[in-house]
Amino acid sequence: MAILHCIKDAPVKQTNSLKIEGGTPLVGTVRASGAKNAITKLLVASVLSDKKCIFYNVPDIGDVDVTVALCREIGSLINWDREKGILEIVTPELKTSYIPQRFSGSNRIPILMIGALLGRTDEDIIVPTVGGCQIGKRPVDFHVEALSRLGATIEYREMKREGAYFAHAHDGLKGAVIHLPYPSVGATENTILASITAKGTTVIKNAATEPEIIELVLFLQKLGAHITVDVDRSITIHGSRRFYDVEHTVVTDRIEAASLGMAAICTKGRVFVEGADHLHMITFLNKLREVGGGFQVRHGGIEFFYDGPLQGGVHLETGVHPGFMTDWQQPFVVLLTQAAGSSVVHETVYENRFGYTETLVEMGADISLFRQCLGGGCCRFASQGFPHSLVVRGQTPLKSKNITIPDLRAGFAYVMAALIAEGTTHLSGVHFLKRGYEKIVSKLTSLGADISYSQDNTPKI
Ligand code: EPU
């Protein structure tokens with residue numbers, strides 16, 4: 001294993017606060033990184049086999065750090081060149097199938113270890129309570145139900161500090177037809193992973209088909225899987241255990257690409273986002289065009305530019321792919337604060353993803369929340385009492401504020417708001433941003449933003 005020696009991870013900077021002086025248009029070229037929600041799953045998928053996988057375009061972000069630590073914990077040997085974005089991983093044998101409690105609540109990745117390991121060990125796979133951003137209840141009932149249909153036994157047990165899922169498939173996994181109640185990204189991934197080594201054929205109906213799922217499918221096909229995606233949201237997997245080494249370049253992060261584009265337009269600037277992939281951003285670009293945001297799809301990326309005053313009066317509804325991503329919603333709401341007229345946003349993926357708007361209102365935005373489904377049909381949260389629709393009225397100037405970032409995507413929305421706002425904004429809780437945005441400060445600085453790390457000693461008001 002000459003080339004796969006483990007290197008020590010680079011030290012994480014302790015700076016947890018940002019200072020942003022608003023008012024400067026972003027101008028220049030910036031490269032969007034590899035997708036967080038793809039590479040983290042691909043690393044987990046690699047542990048299905050003992051083959052060597054080499055990934056390119058790997059972002060140096062907190063969630064990859066956590067996933068690398070998780071894979072090392074169970075026996076993966078990993079060599080990650082952060083500067084080049086190349087990561088090699090091989091898991092010759094499992095050291096353990098117990099995921100320690102320190103991973104509890106870290107993100108949504110540990111639960112996928114159940115699907116990846118069920119076919120590789122007879123031992124119990126023990127996964128502590130999963131986490132992720134606090135944007136709704138985020139249960140894993142669809143995962144548990146689907147894996148059980150494949151023959152797994154999964155129990156939730158209380159442990160010393162917190163609960164954990166205990167899973168095994170002592171009688172082996174067998175293919176089945178599984179109908180997901182909702183096209184959940186995580187449940188689709190977990191079911192795909194488990195079905196790769198199950199005996200026979202698995203059909204996942206009502207599966208998620210997000211580009212990050214297709215990315216997983218592409219990776220698994222290279223690894224040796226026989227897997228088909230149909231137009232009716234069905235994914236069919238014929239089980240097999242014949243695996244091959246893989247080389248894979250991680251798809252561009254469509255959330256980061258769109259967010260950088262929106263930041264360019266909000267600040268009345270012009271930014272070429274290298275690597276932005278047109279195919280995965282069609283729905284976003286249509287909405288951007290509706291509000292008058294400028295963009296040009298060019299060779300190797302997309303250029304975003306201010307093309308005159310933005311026009312609101314739009315209805316936006318988040319949804320599963322190919323709908324408008326829930327992770328584009330927060331920066332788009334900031335964009336709508338700068339568009340003339342009233343717009344309606346209906347969040348249908350998460351029941352509680354508007355918490356961040358309170359701070360925007362304190363900065364000067366005119367946003368009202370509603371418990372009804374506004375603007376279109378009813379979603380599964382109708383009559384459940386969650387504030388999951390909003391009306392935003394623009395254009396409103398924003399003023400600076402001291403802000404504590406509550407979650408990853410709210411974090412970027414606040415960065416955008418601070419870039420527009422008059423005065424100096426201090427943002428603490430920057431570790432949330434680092435979970436998903438690579439080199440965010442140097443990228444924005446290279447575009448002319450006045451942004452820097454500061455000590456976490458901002459006055460608490
Ligand atoms: N759901 C259930 N039961 C389940 C699974 C999901 O009720 O067993 C519900 C969730 O509560 C939610 C909805 O189904 O209301 C969608 O959840 P999904 O499983 O699709 O989301 P996820 O796999 O937990 C991933 C991304 C999210 C992204 C969503 C939707 C990762 C690590 N996370 O989450 O990304 O918003 O899909 O596309 O891939 C982010 O990057 O900031 C982020 C939150």
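When a ligand or atom number is given, it counts from 1 through the structure's own listing order.
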Which of the listed options, [options], holds the heavy atom that is closest to [atom]?
atom: atom 31 (C) of ligand 1; options: Ile255, Thr348, Asn37; result: Asn37
atom: atom 29 (C) of ligand 1; options: Phe432, Phe412, Phe381, Tyr350; result: Tyr350
atom: atom 19 (O) of ligand 1; options: Gly411, Ser184, Gly436, Gly319; result: Ser184
atom: atom 39 (O) of ligand 1; options: Lys36, Lys41, His321, Arg108; result: Lys41
atom: atom 20 (O) of ligand 1; options: Ile109, Val144, Asp141, Val185; result: Val185

Do you see a donor-acceptor pair shorter than 3.5 Å between the side chains of [X] and [Y]?
X: Glu274; Y: Thr29; answer: no
X: His426; Y: Asn402; answer: no
X: Tyr356; Y: Gln329; answer: yes
X: His248; Y: Glu215; answer: yes

Quiz item: Taking all non-hydrogen atoms of both residues, which atom of Val430 and which atom of Leu427 are closest, and how far apart?
Solution: CG2-O, 3.6 Å
Atom indices of ligand 1 within 4.0 angstrom of [X] heavy atoms, with elements:
X: Val140; value: 4 (C), 8 (O)
X: Tyr182; value: 13 (C), 14 (O), 16 (C)
X: Leu408; value: 42 (O)
X: Thr326; value: 36 (O)
X: Val349; value: 12 (C), 13 (C), 15 (O), 16 (C)
X: Arg409; value: 40 (C), 41 (O), 42 (O)
X: His143; value: 8 (O)

Could you label the plane-to-plane angle of the [X] and [Y] rings as parallel, tilted or perpendicular, counting under 30° as parallel and over 60° as perpendicular?
X: His168; Y: His170; result: parallel
X: Phe55; Y: Phe219; result: tilted
X: Phe381; Y: His388; result: perpendicular
X: Phe295; Y: Phe304; result: tilted

Return yes or no for this condition: an N or O of [X] is under 3.5 Å from an N or O of ligand 1.
X: Arg380; result: yes
X: Gly186; result: yes
X: Asp327; result: yes

Exercise. Heavy-atom distances under 4.0 Å are what count here, so tell me which part of Arg353 touches ligand 1: side chain, backbone, both or neither.
Key: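 Looking at Arg353 and ligand 1, just side chain atoms fall under 4.0 Å.
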Quiz item: Hey, are the side chains of Leu216 and Glu189 touching, using non-hydrogen atoms and a 4.5 Å cut-off?
Solution: yes
Quiz prompt | Heavy atom of Ala208, distance to ligand 1 below 4.0 Å | solution = no
Quiz item: Are Glu210 and His321 close enough, and set up right, to give a side chain to side chain donor-acceptor pair (under 3.5 Å), and what steps lead you there?
Solution: CA-CA 5 Å; Glu210 268 63 6; His321 190 73; 5.5 Å; no
